[in-house]
2 protein chains.
Amino acid sequence: MRPTVYDIAAAAGVSLATVDRVLNQRPGVRIVTREKVEAAIRDIGYVRDVAAANLAKGRVYPLVFILPTGDNSFMHGLYAEVRQAMTRSSLERTEIRIVQVPAFDPPALVAALDALHGQDVAGVALVATDAPEVRAAVDRLVDARIPVVTLVSDLTGSARHHYAGVDNIAAGRTAARLLGRFLGGRKGDITVLAGSMLVRDHRERLEGFAALMAAEFPQLRLLPVLEGRDDPEITSGLVSEALAGSNDIIGVYSLGAGNRGLIRALKATGQGRGLTVVVHELTEHTRAALQDGTIDAVLNQDAGHEVRSAVRVLKATADGQGFIAGQERIRLDIFVKDNLP
Amino acid sequence: MRPTVYDIAAAAGVSLATVDRVLNQRPGVRIVTREKVEAAIRDIGYVRDVAAANLAKGRVYPLVFILPTGDNSFMHGLYAEVRQAMTRSSLERTEIRIVQVPAFDPPALVAALDALHGQDVAGVALVATDAPEVRAAVDRLVDARIPVVTLVSDLTGSARHHYAGVDNIAAGRTAARLLGRFLGGRKGDITVLAGSMLVRDHRERLEGFAALMAAEFPQLRLLPVLEGRDDPEITSGLVSEALAGSNDIIGVYSLGAGNRGLIRALKATGQGRGLTVVVHELTEHTRAALQDGTIDAVLNQDAGHEVRSAVRVLKATADGQGFIAGQERIRLDIFVKDNLP
DNA sequence: AAATTTCTGATTTACGTACATCAAAATTGG
DNA sequence: CCAATTTTGATGTACGTAAATCAGAAATTT
């Protein structure tokens, strides 16, 4: 049988009240007594029953998800997953609130973060925009003992407790490897399509991609990055133009959103050219394109996993608990035509 | 505030005792009353607080993991993960017991399954060996209202509640796609290496692999399958012999365990031949081989995820609860040199 | 209509922890 | 050494549910 507070009391030769004072760091216990109790806790291997504790406390975890606006499929999916998590709120004792901020807007994000001070918040998840002032605002929250996890896009150098997202440099390298290998030694040009170089995850993907390309596939030349702003229309135009302007293009890497436009352009202009295409984010559009052969591989991060992981980590951190690292590492999923879920 | 049993009682105009009888399907309630209570439950949207219920019940979940013996890295990893889960037992109110059975031995597995009847068991996870008598034994457990999940290897056609493992046909197809694309149109022979064709997951991988190869990469010819019995020594010998005997081999697919031997043979005999190699299971050996270029891709199933998922599903099923399907689907991980964890 | 039998209500205890209150004991300061 | 202060003990209530008991009400049978 698992030891309880009563067992601690007996083992330490003190009363239940004293054990409680030690466990919940309440004042009024001499150091010697406190140490005696702590020794007993270690000796008998007591672990607090979090379920019972939360029941007694009537604890709920008011969590805030700060998400950027955005009209692409990935953002829609992310919102949907957070809303899913909200429907599970009563079961998980969470109370999730979504705060929308304009995308790529550090001051707005800082304002949203700073507004949380003094509020009853057990944890914050945010899609970080990479800027020093955001870093500082995150650090202020951490200083105020509020658990913070970054979601999808990290904020290295900040004091955030955890990052629920993929390693984007590795993602870029992986994309390069797949594209390079799929092209099997052929020589030609690669078009790279990004949303915006203002977002850290896009920059990192490009960095990884370019580095590996240069190192291992010198026969492939990277064309200047096209910035589609994650918008299908802009993307479609850029790609059509590029394909029309050069017959040397043999591969495409799309590292952002707005793939609807890319696919449209590929079907219109790229048909029959034997292009090899690697994109990010599995959506209904990329899934269909993968199946009909327009796209060769999709790299994906599972927004559902990311959100659930963020919630678990925030709760655990709020309780001063650890978590299973392996379970919380977000995998980069690689999909080809054959392993679609 | 979340509704409680008291709210049901008030809403239905009955006493707490009656609500309890309905909730826990105890006898002594007229059908009309029962329906009144059930209506109230639906109306106010009551959901049982599982944490409180388990606390009151003092519930523990005695789970049994039936695992085959086996000396390969994957099995070691699986055992390690189950043992890890055992260390979390007190926190999760589980009591995990491992039952070892000889590998590929249906009668032994049936005996182990049948021995569980009458025992205090809240759920069973097993690495299934595919045989009608095993199916029947699993069905008997399900009939006895004991939750059953298959682990790593499924038992389709049985009544098992869930399968915590990857889709092996899809895995085989994916391997074929990667191998075919990586070879970029070259013509030649492919050596396929399996553990044993007696295991369903190996058969399925081969099936998927062969099907896609035939359909999409006709320039690649499959050599007869080598059965290495998941043993490094046997495997090493078979591969060395095959490579020495033919210069037409340009690709290798290893769908089972025992890759230590494969890697040794590749380094000895395959060096400089430009072989493209796809294997299953990420271990320290395959990881190193991936990094040094001996292997081109590793397909993997995360044993930790599988075990944790099995535990979650068994507990939920024992409680008559559902689970988040997306969270419990085991992904096929694809690793190349660049996205190793 | 009485005697059963079947339902239902009221109440209590328990699970493991948190938290509050008040009294008693130990320690400290003067 | 006594008073003031700090520390500790004893006890009760609460969280939401499970489970048991027993009395009383309603339905069913005779």
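Proteins get letters first, then strands, A, B, ... in listed order; numbering begins at 1 in each.
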Rounded to the nearest angstrom, tell me the gap between atom [atom1] in [X] and atom [atom2] in [N].
| X | N | atom1 | atom2 | result |
| --- | --- | --- | --- | --- |
| Tyr6(B) | dA18(D) | OH | P | 12 Å |
| Ile8(A) | dG9(D) | CD1 | P | 14 Å |
| Gln25(B) | dC7(C) | CD | C1' | 18 Å |
| Leu91(A) | dG16(D) | CG | P | 14 Å |
| Glu92(A) | dG16(D) | CD | P | 18 Å |
| Asn54(B) | dG16(D) | CG | C1' | 12 Å |

Between N or O atoms, less than 3.5 Å apart, protein on one side and nucleotides 19-25 of chain D on the other: list the pairs.
from, atom 1, to, atom 2, distance (Å)
dA19(D), OP2, Arg26(B), NH1, 3.0

Counting only side-chain N and O atoms of [X], is one of them less than 4.0 Å from OP1 or OP2 of [N]?
| X | N | value |
| --- | --- | --- |
| Arg48(A) | dA18(C) | yes |
| Arg2(A) | dG16(C) | no |
| Thr18(B) | dG9(C) | yes |

message = Between Arg331(A) and Asp302(B), does any NZ, NE, NH1 or NH2 come within less than 4.0 Å of an OD or OE carboxylate oxygen?
response =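 Yes, this pair counts.
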ask   = Got more than 12 heavy atoms from elsewhere within 6.0 Å of CD, Gln119(B)?
value =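 Yes, CD of Gln119(B) has more than 12 neighbouring heavy atoms, counting only those of other groups under 6.0 Å.
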With sequence neighbours excluded, residues passing side chain to side chain contact (heavy atoms under 4.5 Å, CB included) with [X]:
| X | answer |
| --- | --- |
| Asn24(A) | Asp20(A), Arg26(A), Arg48(A) |
| Val99(B) | Val64(B), Ile66(B), Arg97(B), Val101(B), Ala112(B) |
| Gln84(A) | Glu81(A), Thr87(A), Arg88(A) |
| Asp7(A) | Pro3(A), Thr4(A), Ile44(A) |

query = Just checking Val50(A): base, sugar-phosphate only, or nothing, at a heavy-atom cut-off of under 4.0 Å?
reply =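 No contact.
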task = Using a 4.0 Å heavy-atom cut-off across all strands, classify Gly58(A) as base, sugar-phosphate, or nothing.
result =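 Nothing, no heavy atom under 4.0 Å.
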request  = Return the 5'-most residue of the pair Pro27(B), Leu55(B) with respect to DNA chain C, ranking by each residue's nearest nucleotide.
outcome  =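 Its nucleotide being nearer the 5' end, the pick is Pro27(B).
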message = Closest-nucleotide mapping onto DNA chain C: is Ile31(B) or Leu23(A) further toward the 5' terminus? I mean the 5' end.
response =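 Upstream on the strand: Ile31(B).
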query = Can you list every salt bridge (charged side-chain N to carboxylate O under 4.0 Å, His left out) pair that touches residues 314-325 of chain B, not counting sequence neighbours?
reply =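 Found Arg59(B)-Asp319(B).
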message = Using a strict heavy-atom distance below 4.0 Å, which residues from residues 35-44 of chain B are in contact with DNA chain C?
response =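 Under 4.0 Å from DNA chain C: no residue of residues 35-44 of chain B.
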N/O donor-acceptor pairs under 3.5 Å from side chains in residues 146-159 of chain A, not counting sequence neighbours:
from, atom 1, to, atom 2, distance (Å)
Thr150(A), OG1, Asp154(A), OD1, 2.8
Thr150(A), OG1, His162(A), O, 3.4
Ser153(A), OG, Ala128(A), O, 3.3
Asp154(A), OD1, Arg160(A), NE, 2.9
Asp154(A), OD2, Arg160(A), NH2, 3.0
Thr156(A), OG1, Arg200(A), NH2, 2.7
Ser158(A), OG, Leu155(A), O, 2.7
Ser158(A), OG, Arg160(A), N, 3.4

Side-chain atoms of residues 304-311 of chain B: list all donor-acceptor pairs with protein atoms under 3.5 Å, sequence neighbours left out, distances to 0.1 Å.
from, atom 1, to, atom 2, distance (Å)
Arg308(B), NE, Gln327(A), OE1, 2.8
Ser309(B), OG, Glu328(B), OE1, 2.7

